[in-house]
Colleague: 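Following this message is one structure expressed as structure tokens.
Order of the sequence lines fixes the chain letters, A, B, ..., with proteins taken first and strands second; residue numbering starts at 1 for each chain. When reading the values below, keep in mind they use all heavy atoms of this one structure, side chains included, and skip hydrogens, waters and symmetry mates.
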Amino acid sequence: MNGDGMGLREYINDIVEAVVTTAKGMRITARYGVDAKEEVTQQYPEVRREPEERFRGFLRNDIARCTSCTMCVKVCPVDCISLESVRGADKKMVLVSYDINIGRCMYCGLCVEVCPPKSLTHTAGYEMAMFERGEMVLHFVQEEGGEIKARVAKQVAEAAAKAAEAAKAAEAAKAAEAAKPAEAAKPVGLPAANPAPKEDLSAEAPGGSKADPEKKA
Amino acid sequence: MTRPTEALHTQEMLINMGPQHPSTHGVLRVLLRTDGEVVVNARPDIGYLHRGLEKIGERVTYAQFMPFTDRLDYLAGMNCNCAWAWAVEKLAGIEVPERAEYIRVIVSELNRISSHLIAFGSFTADMGAFTPFLYSIREREVVNDLFEMVCGNRLTYNYARVGGVSADLPQGFLEKTKEFLDYFEPKIDEYNNLISYNKIFVHRLANVAVISAKDAVGYGLTGPNLRGSGVKFDLRKDEPYSVYPKLEFDVCVGTGERGALGDCFDRYMVRINEMRQSIRILRQAVAQIPEGPVMAKVPRLFKPAAGEVYFRSECPRGETGFYIISDGTTNPSRLKIRTGSFVTMNIFETVTKGLMIADIVAVIGSFDIILPEIDR
Amino acid sequence: MEALALKLMSAVPALAGVPLWAMTLLVMVVVAVILLVFALTFGGLGSYVLRKVAGDIQVRIGPNRVGPYGLLQFLADGVKLIMKEDIIPAKADRFLFALAPYLVFVGSFAAFVVVPFGVGLIASDLNIGVYYVMAVTSLVVIGVLMAGWASNNKWALLGGMRAVAQIVSYEIPVGMALLPAVLIAGSLSLQDIVRSQGGLLGIFGWNLFHNPFTFFSFFLYFTAAQAETNQTPFDLPEAESELVSGYNVEYSGIRYAFFFLAEFGDMFVVAALASACFLGGWHVPFFRAETLPGAWGNLLSLGAFLVKAFGIVLVMMWVRWTLPRLRVDQLMRMSWKYLVPLTFVNLLGVSLWLLVFRGKGIPQLIASIF
Amino acid sequence: MTGPANLIFYALAALTVGSAVLVAVLPNIVYAAVALLFSFAGVAGLYVFLSADFLAATQVLVYVGGILILILFAVFLSNRISDVKISNPARFQWQAALLCLALFGVLSTTAVRTVFPLKHGLTYQPTTAEIGELLMTRYLLPFEAASVLLLAALIGAALLSRPDGKGKGSADMEEPK
């Protein structure tokens, strides 16, 4: 088409080709334009697509089942999980705080894969808008950390006292040749330690709407 | 397109194309020196998206680096995932179950289709036709649905694992894949009718930024950009890995059908044709996939023996290679990533001399660069 | 105008005392306001339809939130544009920057004056109608160039330059493609051109079917006019993927709205000219709207005209969402190497046809056999 | 049409003359060009006033759409195109003023001395057909001569602006097959 060497036939071919290819394209767009069934958009807030079973939404930790093993903290490539725990009276770890910074989380799912008690799971939630960065940290333990620590320390102390008492008693019993009180002391100690997490669970229900994406979704 | 003579030389203008520009495919900044509409020099300025992925690689374990490979080329996360897994397996000498390899090939090829779809769509959008872009997105959504089914995410998959894949294919996945292939195959012809052979589109691309085969090899281009220049080089064929030797497909090369060999149109057509080949591969893989485990026994915190390894695989944007030096600990001692887009940027300044501003957009689109891969 | 004023004064006795010039002025203002309201409404609804058509073609839905079927979207957009901060870049030329959108809008709006909306429904039946449209649309060029330069933005400057080169180049094929209609009617007045396509031949009275040359002429005009009004595939001045947004990249708020409205105004003027010159204007096929009593004839012809014009606007949108964009040198080549020679050949063909067949078109020739 | 008509005439005349003065004195050449636009528009308005609608449209089409664009292009293609503050250092002011005064004297004397034949009671008549007919009959020769001249100018301009004469420029403009 550079003037020299361009024949009339080429010129006309050019025009014909332009018209034909344009018409072809327009036929396709017209077909889509007329056919209303082809529309694929969903009206998002009203119509919601059901996420797949394996969908990796927000993380949720069922703290009743969590063993504070810190596997998730170790495996997280971006360090978005922070966990604090203290050793309870029954030698098991008691969660003091379990925070996930979802502003940092990249939803890779490695933490869920490694979680031994399967307490950490992905929810189907994906909607969470907030005004400040600080709000992006999900707190899974609702109770004040200090309170838990104090309570656990108290329990530990109590248990230790009890154990000491029991030991004393045992010693006394040994001296008196009776080992039974020591065994009875343990069942007494457990109920004292257990109600605390249960309380947490019930407290989470009303106040946990922010922390629990599933309820929002 | 012709440069004015010295007598007509006017004042040159310096224009910043990017980092905020609709068609630089991200935060690429091209420093244009133009003489009116004619580009005297176009110098790409990269690094606006640098996240230090290679340094991160030294800090995290081999398994932990997997999600970061999603961020390497976010339009082809599966390919990068698998490439990393293959690289680490080569380093540690891990044998992967065959079913896992087939799954990797299936998701890789699906991802190649979805990545080429974006390349096609955004390229046409750069050329001013917005409609094909949305058609391509429509098809890509189906692939994303499939990926969500298999791994739970739509963009950053983190599906492959060292030693296999994170989970077996879910129920009905292969059927849905077949369905998608049957649905998708005729769409390629539709794209061709709609835009590929459109006179205006052809005129915009043909004979623009011609790269000779010699230059393409010399500058280290890989992937569709290399094949667009007529060089028949595909790592899946020439340095076969995984189960690719068992699958039949052709290597698409540019033919110069509407202009010179190695122009923008050839690079574009290579991608369109590669989607067909991916369909072919997928059909075979879906038919051949064996039953069995999808994960080899790999310790959670494994320590490969000290040594180094380079593994490269054919990603949608060219060769993605991981060079890993291991010192016997759980983390790589040094990690170097070679990506297609980064190497492609080398030739950018050379081929854009004397083009027009609109052609710069065409060149960027035809290279199908992606910025996270360039800056890493 | 004066005639209308006289008519009004004789019809309404209370107006007898008003001087004629004042009455004329009043009529003028009223007509202008009606046209302005039409132009604004068209701009608003046009943007809605454009997006709806885009949605339909692109397998989406398009605006559907504000009002029923999203019909009030344009009001929301208008309010948004008015409320937006009016930004003038610090280093821009404030005076020209502010002036440019109004010039563009005036250039586009002034062409509405000679659009023949229906029987007797024309703001001013200038006897140089077609020529007038060509003249006032050249005002747009100045505005666009001014906007591009005054923004002190290199993208805008490039856009302005492109726009000027493009509009000036395409004015020639546009004019040449319209001339066949002028030749057939023997008048530049758009009302005369429309009247010449009447008769009971139905759609075959249209210039489109007058002879093969006029048939091509219509498509040549359509193509060239698309280019002159910066519609895709010729939207280089505002090519968003190359020049970001071209000459109006620095504009915001109400000033941007003026560019926007001018664009839609241009679109309508092109469609109106195409339908008036080639598609029989306000003629209703197989029916003489002029003969209807009272205002019915006017209304019916208005309806027919709007249907035709909007149909062409729809086709323009359809083309817009189908084709990619040309490069600037290809655009020039298309004008000078393809459209200009073709329109000239076409014009020659039409003239020869008129000479040989004494002004009769194919349909008339066939009709005269029987 | 007496009172208001005169008013409009004076407004138009003031616009024309005022803008013309601005063209001469404004330091910014782009502003000067814009002032020229208003001057042209005023002249077009005067033509309308003289019932010469065709001439008015031509004035807008040719001068505004053509000449002014050309001038603006010339301005923009000059140095420091992207600099908004282009200024126009005026030189030879006194000589120019003298020349203008002399020209003004000649023109105004001519205007005053000429006896214009005035006809009253003229009604507005379309001029287009008449102009066309005259151009094609009585003034055919000058009309054609002018068009040939313009054509020659066009070809000359195209020839001058071609990159390197022949050959070289075409190599990289190969079109797709």
Colleague: Which bit of B:Pro170 is near chain A, if near means a heavy-atom gap under 4.5 Å: side chain, backbone, both or neither?
Modeller: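 Both backbone and side chain of B:Pro170 come within 4.5 Å of chain A.
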Colleague: For residues 73-86 of chain A, pull every pair meeting salt bridge (charged side-chain N to carboxylate O under 4.0 Å, His left out), keeping only residues two or more places apart or in separate chains.
Modeller: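 Of all non-adjacent pairs touching residues 73-86 of chain A, those that pass salt bridge (charged side-chain N to carboxylate O under 4.0 Å, His left out) are A:Asp79-B:Arg59, A:Glu84-A:Lys149.
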Colleague: Measure distances from B:Ala63 to the heavy atoms of chain A and classify the residue's part below 4.5 Å as side chain, backbone, both or neither.
Modeller: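 The backbone, not the side chain.
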Colleague: I'd like to know whether CD of B:Gln171 has more than 12 heavy-atom contacts from other residues, nucleotides or ligands below 6.0 angstrom.
Modeller: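 No, CD of B:Gln171 has 12 or fewer neighbouring heavy atoms, counting only those of other groups under 6.0 Å.
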Colleague: Which bit of B:Phe201 is near chain A, if near means a heavy-atom gap under 4.5 Å: side chain, backbone, both or neither?
Modeller: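 It is neither, since no heavy atom gets under 4.5 Å.
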Colleague: Please classify the contact of A:Val114 with chain B as side chain, backbone, both or neither, using a heavy-atom distance under 4.5 Å.
Modeller: both
Colleague: Just give me the residue among B:Ile56, B:Ile195, B:Asp168 that pairs up with chain A most often, heavy atom to heavy atom, under 4.5 Å.
Modeller: B:Asp168
Colleague: If we define contacts as heavy-atom pairs under 4.5 Å, which of B:Val60, B:Val150, B:Leu134 has the most with chain A?
Modeller: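 Top option by heavy-atom pairs under 4.5 Å: B:Val150.
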Colleague: Tabulate, in ascending numerical order, the residues of residues 179-186 of chain B having at least one heavy atom closer than 4.5 Å to a heavy atom of chain A, or enter 'none'.
Modeller: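 So no residue qualifies.
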Colleague: Below 4.5 Å, heavy-atom pairs only: which of A:Ala18, A:Pro51, A:Cys76, A:Pro77 has the largest tally toward chain B?
Modeller: A:Pro77
Colleague: Within a reach of under 6.0 Å around NZ of A:Lys118, are more than 12 heavy atoms found that belong to other residues, nucleotides or ligands?
Modeller: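 Correct, the count exceeds 12.
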Colleague: Using a cut-off of 6.0 Å, state whether more than 12 heavy atoms not belonging to A:Glu53 lie near its atom CD.
Modeller: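 For A:Glu53, atom CD is not crowded (no more than 12 foreign heavy atoms under 6.0 Å).
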Colleague: A quick test of your reading: do over 12 heavy atoms of other residues, nucleotides or ligands sit less than 6.0 Å from CZ of A:Arg31?
Modeller: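 More than 12 within 6.0 Å, yes.
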Colleague: For the CD1 atom of A:Ile28 and the OH atom of B:Tyr191, what is their distance to the nearest 0.5 Å?
Modeller: 11.0 Å
Colleague: Between the side chain of A:Glu52 and the main-chain N/O of B:Glu148, is any donor-acceptor distance below 3.5 Å?
Modeller: no
Colleague: Quick check: closest heavy atoms across B:Asn198 and A:Thr21, and the distance to 0.1 Å?
Modeller: CA-CB, 3.8 Å
Colleague: Taking C-beta and beyond as the side chain, do A:Glu113 and B:Ser166 meet within less than 4.5 Å on heavy atoms?
Modeller: yes
Colleague: Against chain A, work out which of B:Asp70, B:Thr61, B:Asp145, B:Ile200 has the most heavy-atom pairs shorter than 4.5 Å and name it.
Modeller: B:Asp145
Colleague: Which atom names give the shortest non-hydrogen contact between B:Glu190 and A:Tyr32, and what distance separates them?
Modeller: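 That closest heavy-atom pairing would be OE2-OH, 2.6 Å.
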Colleague: So, taking the atom named NZ in B:Lys199 and the one named CD1 in A:Ile15, what distance separates them when rounded to the nearest 0.5 Å?
Modeller: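 Rounded to the nearest 0.5 Å, the NZ-CD1 separation comes out at 10.0 Å.
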Colleague: Tell me whether A:Arg49 is salt-bridged to B:Glu141, with the criterion being a basic N under 4.0 Å from an acidic carboxylate O.
Modeller: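 No, A:Arg49 and B:Glu141 are not salt-bridged.
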Colleague: Quick one: are A:Val78 and B:Phe68 in side-chain contact, heavy atoms under 4.5 Å?
Modeller: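 Yes; the side chains approach each other to less than 4.5 Å.
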Colleague: Are the side chains of A:Arg56 and B:Asn158 in contact, using a 4.5 Å heavy-atom criterion?
Modeller: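 With C-beta onward as the side chain, the pair touches.
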Colleague: What do you reckon, is NZ of B:Lys187 surrounded by more than 12 foreign heavy atoms closer than 6.0 Å?
Modeller: yes
Colleague: In Å and rounded to the nearest 0.5 Å, what is the NE2 to CG distance from A:His122 to B:Asn153?
Modeller: 7.5 Å
